[in-house]
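What follows is one structure encoded as structure tokens, with my remarks underneath.
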Amino acid sequence: MPEGHTLHRLAGSIDAAFGESTPQVSSPQGRFADGATLLDGTELMGSWAHGKLLFVDFADERTLYVHLGLIGKWFVLPLPVPGEEPEVAGAVRLRLLSEEHVADLRGPMACQVVDPAEVSRLVGRQGPDPLQPDQDPDVAYARITGSGRSVAELLMDQTVVAGVGNIYRCEVLWRHRVHPLRPGRTLKRATWQTIWDDLVALMPWGVRTGSIITLDDVLEDVRAHLEAGDPVEVPREFAVYQRAGEPCLRCGSRVRHSVVAGRNLFWCGNCQRRT
DNA sequence: CCTCTATGGCGAA
DNA sequence: TCGCCCTAGAGGC
């Protein structure tokens with residue numbers, strides 16, 4: 001699940017469930033025992049994200065920094081029975097518990113208590129985040145334009161753009177007909193601006209729904225349901241991601257696949273051009 | 001039961 | 001470029 005939208009959505013959930021309260025903090029699995037002890041009994045001020053980095057601010061300048069990595073998951077749920085702690089299932093690194101909510105964190109790549117200087121350092125290394133206001137896409141373009149690295153690689157580099165993962169990467173390149181293996185230096189400023197604007201438009205729907213939406217017809221459907229106040233179930237449909245060998249939704253040509261820098265890359269060999 | 005995979009990222013070679 | 005870390009769920013036998 002974890003591309004940037006997941007973390008921003010989580011930050012919102014944690015804020016809503018635990019903001020300005022003092023949850024019990026524990027580490028049922030034991031691997032975050034010291035950190036849990038440090039935070040337990042401290043007021044949780046609020047939660048926020050930059051790209052794929054998630055922060056939970058506690059009092060006394062203590063911040064919980066979490067990176068889900070590839071397989072981490074954090075479930076924030078209302079208690080089935082208020083006031084009654086649910087049993088722990090699986091390897092729960094960190095649990096937040098209030099009278100009304102529980103939040104179980106499993107399998108994160110990073111889970112640690114950091115000070116404000118470390119927060120600045122971590123965020124300072126990140127590129128602009130399409131999910132936040134007042135971000136500067138030129139900071140990203142400055143790193144793209146001179147680079148011999150592929151556009152695919154650059155889009156996944158969190159120091160270039162923060163929050164884009166493999167799905168948004170593959171899909172947004174398809175949407176703008178950009179071949180993923182083009183060197184960054186061949187990407188025109190206007191094309192980058194279009195890609196950035198598209199991420200700014202698309203990713204909030206991921207935050208809203210909890211699912212990555214990159215197909216316009218899916219987006220229209222979801223928008224209509226939300227406006228009507230209907231419950232929405234977002235179909236897991238993509239243009240190229242994990243569709244190797246299937247026909248491109250735009251031109252019918254076969255979707256290509258290759259492993260680049262250890263990650264699956266998908267694109268249409270016909271309508272995504274190298275030039 | 002086992003093996004494989006995943007929307008990440010790090011460090012060693 | 002590769003191996004490795006973290007976890008759960010799916011699929012094969």
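Protein chains get the first letters and strands the later ones, always in sequence-line order, with residue 1 at the start of each.
- For A/Ala91, taking side-chain heavy atoms from C-beta onward, the closest of the listed nucleotides B/dT7, C/dA8, C/dC6 is C/dA8.
- Around atom CG of A/Asp115, more than 12 heavy atoms belonging to other residues, nucleotides or ligands sit under 6.0 Å away.
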| task | List the steps and the verdict of side-chain contact (heavy atoms from CB on, under 4.5 Å) for A/Arg121 and A/Val114. | result | CA-CA 11 Å; A/Arg121 197 183 67 83; A/Val114 295; over 6 Å; no
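- In this model, no donor atom of one side chain and acceptor atom of the other lie less than 3.5 Å apart for A/Ser47 and A/Asp15.
- Applying the ring pair (Phe, Tyr, Trp, His ring centres under 6.0 Å) test to residues at least two apart or on different chains, the pairs with a partner in residues 59-97 of chain A are A/Phe55-A/Tyr65.
- Nucleotide B/dG8 holds its C1' atom 14 Å from the NE2 atom of A/His5, rounded to whole Å.
- DNA chain B lies under 4.0 Å from at least one heavy atom of each of the following residues of residues 153-166 of chain A: A/Met156, A/Gln158, A/Gly165, A/Asn166.
- In this structure, A/Glu171 reaches neither bases nor backbone, as no heavy-atom distance under 4.0 Å exists between it and the strands shown.
- Backbone-only engagement by A/Gly90 is indicated by non-hydrogen atom pairs under 4.0 Å involving sugar-phosphate atoms exclusively.
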Using nucleotides 10-13 of chain B, report all nitrogen or oxygen pairs with the protein that are shorter than 3.5 Å.
none

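- When the nucleotides B/dT7, C/dA8, B/dG9 are ranked by their closest atom to the side chain of A/Asn264, B/dT7 comes out on top.
- Following rounding to the nearest Å, A/Arg31 (CZ) and C/dC6 (C1') show an atom-to-atom distance of 7 Å.
- Distance, A/Arg93 CZ to C/dC5 P: 13 Å, rounded to whole Å.
- In this structure, the CG atom of A/Leu70 is 17 Å from the P atom of C/dG3, given to the nearest Å.
- Under the 3.5 Å distance criterion, the side-chain polar atoms of A/Arg223 are left unmatched by any main-chain donor or acceptor of A/Glu227.
- In this structure, A/Arg62 has no side chain to side chain donor-acceptor pair (under 3.5 Å) partners at least two apart in sequence or on a different chain.
- As rounded to the nearest Å, C/dC13 and B/dT5 have P atoms that lie 14 Å from one another.
- Remark: the separation of the C1' atoms in C/dT1 and B/dT7 is 22 Å, to the nearest Å.
- With C1' as the reference atom, B/dC1 and C/dC6 are 23 Å apart, rounded to whole Å.
- Scanning all heavy atoms of the two residues, the minimum distance from A/Val92 to A/Pro28 falls at O-CD, 3.4 Å.
- If you check distances only, the side chain of A/Arg236 does reach the base of B/dT7 with a donor-acceptor pair under 3.5 Å.
- Of all heavy-atom pairs between A/Val164 and A/Arg169, the closest is CG1-N, 3.8 Å.
- The phosphate of C/dA8 has OP1 or OP2 within less than 4.0 Å of a side-chain N or O from A/Arg106.
- Between A/Phe266 atom CZ and B/dT5 atom C1' the separation is 12 Å, expressed in whole Å.
- On the C1' atoms, C/dA8 is 22 Å away from B/dC10, given to the nearest whole Å.
- The separation between A/Trp74 atom CH2 and C/dT7 atom C1' is 16 Å, rounded to whole Å.
- If you measure from atom CZ of A/Arg95 to atom C1' of C/dT7, you get 17 Å, rounded to the nearest angstrom.
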(Q) Could you walk me through whether A/Leu68 and A/Leu54 satisfy the side-chain contact (heavy atoms from CB on, under 4.5 Å) test, starting with their C-alpha distance in whole Å, then the side-chain angles of each, then the deciding distance to 0.1 Å, before giving a yes or no? (A) CA-CA 8 Å; A/Leu68 293 181; A/Leu54 177 66; over 6 Å; no
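- The nearest heavy atom of DNA chain B to A/Ile71 and to A/Gln126 marks one nucleotide each, and the one closer to the 5' end goes with A/Ile71.
- Partners of A/Asp216 under the side chain to side chain donor-acceptor pair (under 3.5 Å) rule, at least two apart in sequence or in another chain, are A/Arg175.
- The nearest pair of heavy atoms linking A/Ile212 to A/Phe238 is O-CE2, 3.6 Å.
- Residue contacts shown for A/Arg263 include a base, since a base heavy atom lies under 4.0 Å away.
- Applying the 4.0 Å criterion to OP1 and OP2 of B/dG9, one finds that A/Lys52 has a side-chain N or O inside that range.
- Aromatic ring orientation, A/Trp196 versus A/Trp192: tilted (interplanar angle from 30° to 60°).
- Under the 3.5 Å distance criterion, the side-chain polar atoms of A/Gln272 are matched with a main-chain donor or acceptor of A/Val178.
- Rounding to whole angstrom units, NZ of residue A/Lys73 and P of C/dC5 are separated by 19 Å.
- The stretch residues 237-245 of chain A touches DNA chain B through A/Tyr241, A/Gln242, each having a heavy atom within less than 4.0 Å of the strand.
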